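Data block below; observations after.
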Amino acid sequence: MKSKVTLKEIVGTKIIYAALLACYYWMWARRDWQDSYDIIQNLVAVFTIVFFALQAVRIFKYSKEEKDELAIQNLRRTDAIGLKIMIAAAVVIAFACAVAFIDGRMAGYALVGTIFVLAVIRFILFCVMDSKGV
């Protein structure tokens with residue numbers, strides 16, 4: 001891979017981090033057991049190790065390249081929007097727990113799902129802002 005590492009690529013890989021978080025939460029919070037779960041857990045663990053190693057190389061390469069200031073400002077704007085969305089989602093989840101709509105395990109799934117959806121929204125917002133040069 002001799003191509004230049006872009007900030008869009010770095011932001012896009014956060015979706016994979018969120019998906020890995022959802023997989024690990026599923027492994028920790030499930031209440032049943034099937035024989036296929038061993039294979040799934042091992043595949044997720046191997047994928048995580050390989051992915052983190054490849055990402056470390058890409059991030060190290062990105063740190064040596066010239067930075068795009070407009071893209072960094074767009075990422076900060078996107079992060080500010082994402083923070084507001086996450087706060088609203090956390091309040092809704094906490095309220096649902098308080099009035100006993102959902103239990104603790106389901107609240108965890110809701111939080112992990114919110115993190116995954118937020119990673120996707122963050123990537124989409126960043127791509128739109130970066131393409132328009134806002």
Side-chain angles (χ1 to χ4, degrees):
M1 283 192 200
K2 294 190 178 205
S3 64
K4 188 175 180 181
V5 180
T6 63
L7 190 58
K8 191 178 288 189
E9 175 188 343
I10 301 293
V11 172
T13 55
K14 303 301 186 212
I15 296 171
I16 298 174
Y17 289 135
L20 285 172
L21 176 68
C23 287
Y24 279 103
Y25 184 77
W26 169 76
M27 285 189 265
W28 295 327
R30 67 174 178 256
R31 293 185 179 171
D32 64 336
W33 182 259
Q34 295 178 10
D35 293 334
S36 61
Y37 290 173
D38 269 339
I39 297 168
I40 294 170
Q41 286 179 185
N42 291 334
L43 286 174
V44 169
V46 168
F47 177 78
T48 301
I49 292 167
V50 170
F51 181 72
F52 282 170
L54 292 173
Q55 274 304 107
V57 171
R58 297 297 282 175
I59 290 172
F60 180 73
K61 186 177 177 183
Y62 177 75
S63 67
K64 291 186 173 188
E65 294 176 358
E66 186 177 327
K67 306 292 187 269
D68 182 6
E69 294 298 323
L70 182 60
I72 292 171
Q73 287 178 349
N74 287 335
L75 182 60
R76 287 184 183 141
R77 286 186 198 114
T78 303
D79 287 342
I81 293 168
L83 176 66
K84 292 169 185 155
I85 293 170
M86 188 64 195
I87 289 171
V91 167
V92 169
I93 293 168
F95 180 75
C97 286
V99 294
F101 288 144
I102 58 176
D103 62 346
R105 196 178 100 214
M106 291 308 295
Y109 280 117
L111 284 172
V112 170
T114 302
I115 291 170
F116 180 76
V117 169
L118 189 60
V120 172
I121 290 171
R122 179 182 185 231
F123 179 67
I124 292 169
L125 281 174
F126 177 74
C127 288
V128 168
M129 285 182 173
D130 199 40
S131 68
K132 292 187 177 185
V134 177

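Predicted model only: the values in this text are computed from it and were never measured. We use all heavy atoms of the structure for the numbers below, so side chains are in, but hydrogens, waters and symmetry mates are not.
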Take Leu20 and Phe51 through the test side-chain contact (heavy atoms from CB on, under 4.5 Å) and record every step on the way to the result.
CA-CA 10 Å; Leu20 285 172; Phe51 181 72; 4.3 Å; yes
Rounded to the nearest 0.5 Å, what's the gap from CD on Gln55 to CD1 on Ile16? Could you check?
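These two atoms lie 7.0 Å from each other.
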Enter the distance from Ile15:CD1 to Leu118:CG here, rounded to the nearest 0.5 Å.
10.5 Å
In terms of hydrophobic clusters joined by side-chain contacts under 4.5 Å, are [X] and [Y] together?
{"X": "Val46", "Y": "Ile49", "value": "no"}
{"X": "Leu21", "Y": "Leu43", "value": "no"}
{"X": "Val11", "Y": "Val57", "value": "no"}

Closest heavy-atom contact between [X] and [Y]?
{"X": "Thr78", "Y": "Met129", "answer": "OG1-SD, 3.5 Å"}
{"X": "Lys14", "Y": "Ala119", "answer": "O-CB, 4.0 Å"}
{"X": "Arg30", "Y": "Tyr37", "answer": "NE-CD1, 3.3 Å"}
{"X": "Phe116", "Y": "Ala18", "answer": "CA-CB, 3.7 Å"}
{"X": "Val44", "Y": "Cys23", "answer": "CG1-CB, 4.2 Å"}
{"X": "Arg105", "Y": "Tyr25", "answer": "O-OH, 3.2 Å"}

Can you classify the ring geometry of Tyr17 versus Phe52 as parallel (below 30°), tilted (30 to 60°) or perpendicular (above 60°)?
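Tilted: the ring planes of Tyr17 and Phe52 meet at 30° to 60°.
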Would you call the rings of Trp28 and Tyr24 parallel, tilted or perpendicular, taking 30° and 60° as the class edges?
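Rings of Trp28 and Tyr24: tilted, 30 to 60°.
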What pairs of donor and acceptor atoms, side-chain ones from residues 79-92 against any protein atom, are under 3.5 angstrom apart with sequence neighbours left out?
from  : atom 1 : to     : atom 2 : distance (Å)
Asp79 : OD1    : Arg122 : NE     : 2.6
Asp79 : OD1    : Arg122 : NH2    : 3.2

Does atom [atom1] of [X] have more than 12 heavy-atom neighbours from other groups under 6.0 Å away?
{"X": "Phe101", "atom1": "CZ", "value": "no"}
{"X": "Met27", "atom1": "CE", "value": "yes"}
{"X": "Asp32", "atom1": "CG", "value": "yes"}

Is there a side-chain contact between [X] and [Y] (heavy atoms, below 4.5 Å)?
{"X": "Phe126", "Y": "Leu7", "result": "yes"}
{"X": "Ile93", "Y": "Tyr109", "result": "no"}
{"X": "Ile40", "Y": "Trp26", "result": "yes"}

